[in-house]
Amino acid sequence: MAADVKILRGNIIHTPALGELETLAGGYLVLEDGVIQGIFPVLPERYAACPVENWGDRLIMPAFADMHLHAPQYPMLGMGMDLPLLEWLNAYTFQTEERFADLDYARRVYRRLAEELIANGTTRVVMFSSRHADATLVLMEELERAGVCGCVGKVNMDRNSGVAQETTEASMAETLRWLDGCRFDHVKPILTPRFTPSCSDELMAFLGRLARERDLPVQSHLSENLDEVAWVRRLHPDCGRYWETYEKFGLWKEGTLMAHCVHSDEAERGAMAGHGVWAVHCAASNVNLCSGTAPVRRLLEDGVRVALGSDVAGGDQLAMYQVVTASIRASKIRSIETGDRPLTVPEAFYLGAAAGQRYFGGGAGFVPGEKLHAIVVDEGAFPEPVRALTLAERFERAVYLMDKSSILAVYSDSRRVDRKERAHGGEI
Ligand code: GUN
Ligand code: FE
């Protein structure tokens with residue numbers, strides 16, 4: 001049977017490696033049966049008879065990957081921003097997350113969240129849910145329905161968690177029940193001890209065993225805030241550094257995602273690079289919660305794999321284009337203080353899009369053999385420039401200036417998933 005061919009035409013821009021920007025004016029991006037065949041300056045003869053989705057002078061760019069956010073904190077976006085981390089958790093966060101015992105509420109909030117992710121061009125995520133198994137399944141259902149791909153974790157928290165605390169036994173039983181219910185094509189489970197202070201040794205050991213026995217990925221928080229780091233030291237006096245509290249229980253392994261790493265020193269960074277643990281940099285959140293500015297350049301130079309996260313709602317912006325520019329700004333503040341080279345626009349965009357793609361087993365950018373995750377950006381609402389811009393300049397402006405209304409189309413796993421298209425029905 002002949003392959004199902006889809007062709008997108010437009011100005012194709014992507015980052016095939018960290019710091020590299022590749023642009024192709026009026027290029028063709030070809031898919032066969034939902035698999036990228038390549039990007040071509042001239043349409044190959046064999047596709048001459050195939051219909052072309054022509055985006056004209058618009059920009060076709062990779063979609064974003066948000067590698068750390070808390071879905072049940074979406075209702076408190078923009079709240080509690082005058083508090084540092086530990087006070088913010090107790091004053092706002094635990095109460096907000098507890099609302100998700102109510103499944104109707106969860107359904108409403110998560111449907112809206114999933115739609116907003118797609119509208120803002122985020123097609124891949126790694127998320128924290130709340131402690132609730134059922135609401136976590138609702139979240140996974142809503143992501144699947146909207147076309148968001150990735151991983152979601154039921155949060156485990158059996159100590160120091162105020163109104164959101166669960167018993168150790170309930171935490172373990174609910175985790176197993178939740179895993180039994182995870183049957184989604186594009187949304188997979190990830191084990192999620194909230195952070196060391198909120199998990200007993202028994203719970204950590206249980207999760208470590210589960211990770212090994214079922215070959216499940218793990219996510220948590222690491223070295224975000226100085227008070228937190230000091231607390232972890234008191235809780236685990238046998239551990240020289242924060243990361244060892246995860247390693248002790250088998251949670252520090254290839255592919256583990258650790259959010260923040262603001263205060264990870266050279267030794268901790270070395271342990272990340274050596275074990276294949278990822279740092280998820282959440283610049284906006286780190287500034288909001290007065291945590292600091294993470295040593296992104298040093299993480300990269302030390303060989304740590306780095307991706308970006310919105311950390312909603314420590315981060316106040318769900319849109320990853322804003323998280324990308326926040327990470328550039330934070331790196332510039334840090335460069336003034338430490339001399340570390342700031343992130344460039346192509347570097348930060350790579351971390352906000354391609355790095356997540358790589359976490360999920362892909363390459364970087366539009367790679368033959370992979371599914372398409374892409375956005376189409378219209379620059380019509382941007383200020384008129386004084387001269388014709390190069391595609392690299394247009395890319396930079398798009399990263400800084402785009403918003404929901406300038407994202408005309410979103411493709412996730414080779415399906416067109418934006419509501420602009422849904423209003424007319426159909427897939428690419
Ligand atoms: N550490 C433990 N829980 C949280 C959380 O919800 N947000 C952030 N930013 N850090 C945490
Ligand atoms: Fe977080």
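A quick note: this is a predicted structure, and the numbers were derived from the prediction, not measured. Remember, it's 1-based here, ligands and their atoms both numbered in the order they're listed.
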At the Fe ion (ligand 2), NE2 of His68 and NE2 of His221 open up to roughly (10° bins) 90°

Any chance the side chains of [X] and [Y] put a donor and an acceptor closer than 3.5 Å?
X	Y	result
Thr256	Tyr246	no
Thr245	His236	no
Glu141	Tyr110	no

Check: Any N/O of Thr93 closer than 3.5 Å to an N/O of ligand 1?
Finding: no

> Would you say ligand 1 has an N or O under 3.5 Å from any N or O of Glu97?
Replying inline: no

Exercise. Do any heavy atoms of Trp88 fall under 4.0 Å from ligand 1?
Worked result: yes

Consider ligand 1: state whether an atom of it lies below 4.0 angstrom from any non-hydrogen atom of Glu228. no

Does the gap between the ring centers of Phe128 and His68 come in under 6.0 Å? yes

I'd like to check which ligand 1 atoms, numbered from 1 as shown, lie under 4.0 Å from a non-hydrogen atom of [X].
X	result
Asp311	8 (C), 9 (N)
His260	9 (N)
Gln73	5 (C), 6 (O)

To the Fe ion (ligand 2), the closest N, O or S atom belonging to His70 is NE2

Atom name of the N, O or S atom of Asp311 nearest to the Fe ion (ligand 2) is OD1

Give the ring-plane orientation class for His221 versus Phe195, where under 30° counts as parallel, over 60° as perpendicular and anything between as tilted.
perpendicular

Looking only at protein heavy atoms, what sits closest to atom 3 (N) of ligand 1 is Arg194 NE, 2.8 Å

Among non-hydrogen protein atoms, atom 10 (N) of ligand 1 lies closest to Glu224 OE1, 2.7 Å

Counting only heavy atoms not in [X], do more than 12 sit closer than 6.0 Å to its [atom1] atom?
X	atom1	value
Asp82	CG	no
Glu337	CD	yes
Arg358	CZ	no

